[in-house]
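Take a look at the structure below.
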Amino acid sequence: MKRLRGDGTSQYLTGGKVSAYERDPHTERIEREPLNDWVEVAIIGGGFSGLICGARLREAGIESLRFIDEAGDFGGTWYWNRYPGLIVDVDATVYFPWLEKTGYMPVQKYPTGHEVRGYAQFIARQFDLYRDTCFHTRVTGIRWDERCAHWVVSTDRGDRIKARHVINALGPINRIRLPQVPGIGTFKGHTFHANRWDYEYTGGSEREPTLTGLQGKRVAVIGTAATAVQVVPEVAKFAEHLYVVQRTPCCVSPRDQKPTDVDWWNGLQPGWQQERMKNFNILSLGGSQEVDLVDDAWTRQGKALGQVLGGTDSKSLTPEELALRAETVDFELMERIRARYDAHVADPEVAEKLKPYYAYACKRPVFSDLYLPTFNRPNVTLVDTDGKGIEAVTEDGFVVRGETYEVDTIIFASGMEFGTSYTDAARYDIVGTGGLTLSRKWANGMRTLHGIFADGFPNCYFIGMTQGTASPNFVYVFEKLATQVAAAIKFAKESGYQVIEAKPEAVNDWVETVNGTHVATHAFLSKCTPGQYNNEGDLDDPHAAPNRLYAGGAEAYFAILREWRESGKFEGLSFSRHRSQHPDGAA
């Protein structure tokens with residue numbers, strides 16, 4: 001395998017080593033006095049995972065909420081990402097939560113980043129979530145005060161915020177990364193990460209990407225995944241010359257963008273969105289439904305693969321025969337996708353280098369009607385690294401396979417941190433009961449009940465996908481998890497309990513369940529080209545192996561959560577009363 005290497009996720013620079021690339025270019029930081037007060041729930045993260053938790057808590061009657069986020073406003077990844085060409089790869093009617101409640105009609109099938117960010121802030125206003133927010137604030141530590149039964153949240157602003165409950169809603173992709181190559185800090189030209197697009201340098205804006213600042217400049221875009229696929233066509237319009245540096249080709253399907261049909265929208269019946277979200281989730285993950293309500297590349301390709309496992313004769317096949325059939329169908333699907341490259345790229349040699357030769361489910365696919373034709377422009381050069389990546393950065397450019405390419409600008413589209421330990425990704429540790437730190441407790445991998453609750457860390461909740469489930473539509477997963485957390489907090493509040501904690505035996509049982517369902521997925525991912533799905537090929541990393549997904553299927557996982565919640569027993573959790581009061585006098 002061309003990209004297989006022994007350093008896994010350590011091949012990237014992350015954390016403090018890339019802090020210079022992480023400044024906020026969008027909102028001015030306003031100084032304020034440190035806070036030393038009390039709230040019922042502190043939510044760390046203002047992206048969709050945090051917003052949905054906040055809205056669910058508001059519905060549950062929880063008024064004392066505080067959001068803490070390094071960004072200058074709500075939106076999460078959609079606050080930070082404002083690069084030219086930014087469009088969501090999931091249908092807006094399933095991606096935007098609570099469209100029936102808000103009455104908002106998306107502009108088009110696949111919304112722009114600007115529209116998504118606006119909708120996130122619209123939700124925050126609808127559910128009164130701007131009250132008591134702490135933006136441009138980074139959490140530096142969280143410690144459980146056993147005497148008072150609350151958390152103390154410390155920040156880089158000098159805050160010491162007391163909170164009965166803490167929700168860690170960091171999102172799955174919240175930290176940028178750079179390739180760890182020699183000389184990366186020596187480049188004398190201009191460089192930035194696409195996640196912090198520098199419009200002061202390039203000119204234009206997110207809504208009007210006229211990048212006139214790139215005229216007359218030689219530009220390199222490092223990376224060819226989802227971000228680059230959207231950035232490259234826009235940069236190519238203005239740069240004197242653009243070098244697209246590819247390590248692994250991406251799987252590009254058509255987008256087929258179109259405006260929302262107003263007549264169709266007005267004819268929707270109550271309950272339509274949950275039905276549509278579930279339908280999309282099942283079909284995109286290879287399940288079966290009588291009707292395809294969304295009918296896009298996700299669901300069509302999911303149906304093609306799902307027919308293998310759901311065919312009338314599939315039960316009569318041996319595992320080996322079923323695997324062979326799946327491999328054949330996958331190959332045929334990828335061949336159709338690769339045929340698009342020949343149809344859209346004039347140079348056969350370039351088209352061949354751009355083609356993805358791996359299984360469809362090995363990497364998250366991308367969607368664009370513009371990316372492939374961009375390589376027909378005379379000012380665009382594909383620099384294929386044959387799976388090795390750039391060798392070095394020099395004062396004047398970059399080196400690939402011994403050849404130096406001189407450029408004026410380097411734009412890193414090198415993705416986001418993924419697969420590191422939870423506390424490394426969060427950049428803060430959590431100190432639970434008895435002084436036990438989360439970094440020590442999870443030294444050999446994440447251990448939770450349902451991916452949400454952890455023993456030894458009362459009133460502390462984790463919103464993500466590890467030890468839970470994944471979907472092309474992250475928001476759908478977040479909504480299910482937020483519903484669980486809100487239900488547990490509401491039950492405790494109404495019952496007079498102050499402390500919620502996962503039982504150790506329940507955590508052990510869930511971790512064993514997750515690990516037991518992951519065998520087939522592990523075998524498949526081990527054969528994939530390195531990437532986020534398989535921890536850059538290092539599936540034996542202790543922070544990758546136990547942090548697996550529940551492989552029984554997303555809808556089966558959601559059914560487990562629903563039955564657990566609706567039973568009213570909250571099995572696996574312990575609830576207790578505490579006699580102490582918070583500083584304002586409320587129990």
Side-chain angles (χ1 to χ4, degrees), residues 37-45 49-67 97-98 101 123-124 126-129 131-132 142 144-153 161-169 274 432-433 448-463 468 478-507 510 558-587:
D37 58 358
W38 192 95
V39 295
E40 191 160 359
V41 184
I43 302 174
I44 303 172
S49 57
L51 281 167
I52 293 170
C53 285
R56 281 283 183 247
L57 290 169
R58 279 281 188 261
E59 291 177 332
I62 309 297
E63 290 300 316
S64 179
L65 302 179
R66 173 163 296 147
F67 281 87
W98 300 319
K101 290 183 181 181
I123 288 176
Q126 288 284 99
F127 289 94
D128 190 23
L129 301 181
R131 189 197 323 166
D132 251 2
I142 307 175
W144 177 247
D145 185 328
E146 296 185 50
R147 183 179 61 85
C148 298
H150 63 215
W151 291 98
V152 179
V153 181
I161 300 165
K162 288 83 174 176
R164 178 73 74 204
H165 304 270
V166 169
I167 298 175
N168 299 275
Q274 279 299 314
T433 55
T448 65
L449 170 62
H450 299 157
I452 304 171
F453 310 95
D455 60 309
F457 299 86
N459 296 3
C460 188
Y461 317 97
F462 302 89
I463 304 297
F478 297 154
E479 186 177 0
K480 305 297 184 184
L481 302 182
T483 300
Q484 299 297 98
V485 172
I489 293 176
K490 181 181 181 181
F491 172 78
K493 185 177 178 66
E494 292 178 347
S495 304
Y497 296 115
Q498 288 77 43
V499 181
I500 307 170
E501 186 175 354
K503 298 177 180 178
E505 59 271 23
V507 170
W510 182 250
F558 296 148
I560 291 171
L561 298 188
R562 183 176 61 253
E563 292 168 9
W564 179 87
R565 181 181 70 250
E566 293 179 352
S567 73
K569 299 177 181 178
F570 299 97
E571 291 184 7
L573 295 183
S574 65
F575 294 85
S576 59
R577 293 180 172 85
H578 198 280
R579 301 179 68 87
S580 70
Q581 296 182 334
H582 72 70
D584 291 335

Residues in ring-ring contact (aromatic ring centres under 6.0 Å, His included) contact with [X], at least two apart in sequence or another chain:
| X | result |
| --- | --- |
| Phe457 | none |
| Trp510 | His450, Tyr550 |
| Phe491 | Phe570, Phe575 |
| Phe558 | Tyr476 |

Output yes when a side-chain donor or acceptor of [X] lies under 3.5 Å from a complementary backbone atom of [Y], and no otherwise.
| X | Y | answer |
| --- | --- | --- |
| Trp151 | Pro458 | yes |
| Asn459 | Arg164 | yes |
| His165 | Val499 | no |
| Ser574 | Glu501 | yes |
| Arg131 | Glu63 | yes |

- Note on the structure: Correct closest heavy-atom pair for Arg577 and Tyr497 would be NH1-CE2, 3.3 Å
- Message: Minimum heavy-atom separation for Ala506 and Gly572, please, with both atom names.
- Response: CB-CA, 3.5 Å
- Task: Identify whether NZ of Lys or CZ of Arg in Arg58 sits under 6.0 Å from the centre of the six-membered ring of Phe127 and within 45° of that ring's axis.
- Result: no
- Note on the structure: With sequence neighbours left out, the residues meeting salt bridge (charged side-chain N to carboxylate O under 4.0 Å, His left out) with Lys503 are none
Approximate separation, where rounding is to 0.5 Å, of [X] [atom1] and [Y] [atom2]:
| X | Y | atom1 | atom2 | result |
| --- | --- | --- | --- | --- |
| Leu57 | Ile43 | CG | CD1 | 5.5 Å |
| Glu479 | Trp98 | CD | CH2 | 6.0 Å |
| Asp132 | Leu65 | CG | CG | 9.0 Å |
| Ile489 | Ile62 | CD1 | CD1 | 6.5 Å |

- Please lay out, stage by stage, how Phe453 and Thr448 fare under the test side chain to side chain contact (heavy atoms under 4.5 Å, CB included). CA-CA 5 Å; Phe453 310 95; Thr448 65; over 6 Å; no
- Item | Result of checking Val41, Ile452, Ile52 against Val485 for side chain to side chain contact (heavy atoms under 4.5 Å, CB included) | Ile452
- Which pairs with one or both residues in residues 560-572 pass side-chain hydrogen bond (donor to acceptor under 3.5 Å, both in side chains), sequence neighbours excluded? Gln484-Arg565
- Item | Criterion side chain to side chain contact (heavy atoms under 4.5 Å, CB included) on Ile463 and Phe478, from CA distance to verdict | CA-CA 7 Å; Ile463 304 297; Phe478 297 154; 4.1 Å; yes
- Message: Quick test of your reading of the model: are Arg66 and Glu40 salt-bridged, counting only N-O distances below 4.0 Å?
- Response: no
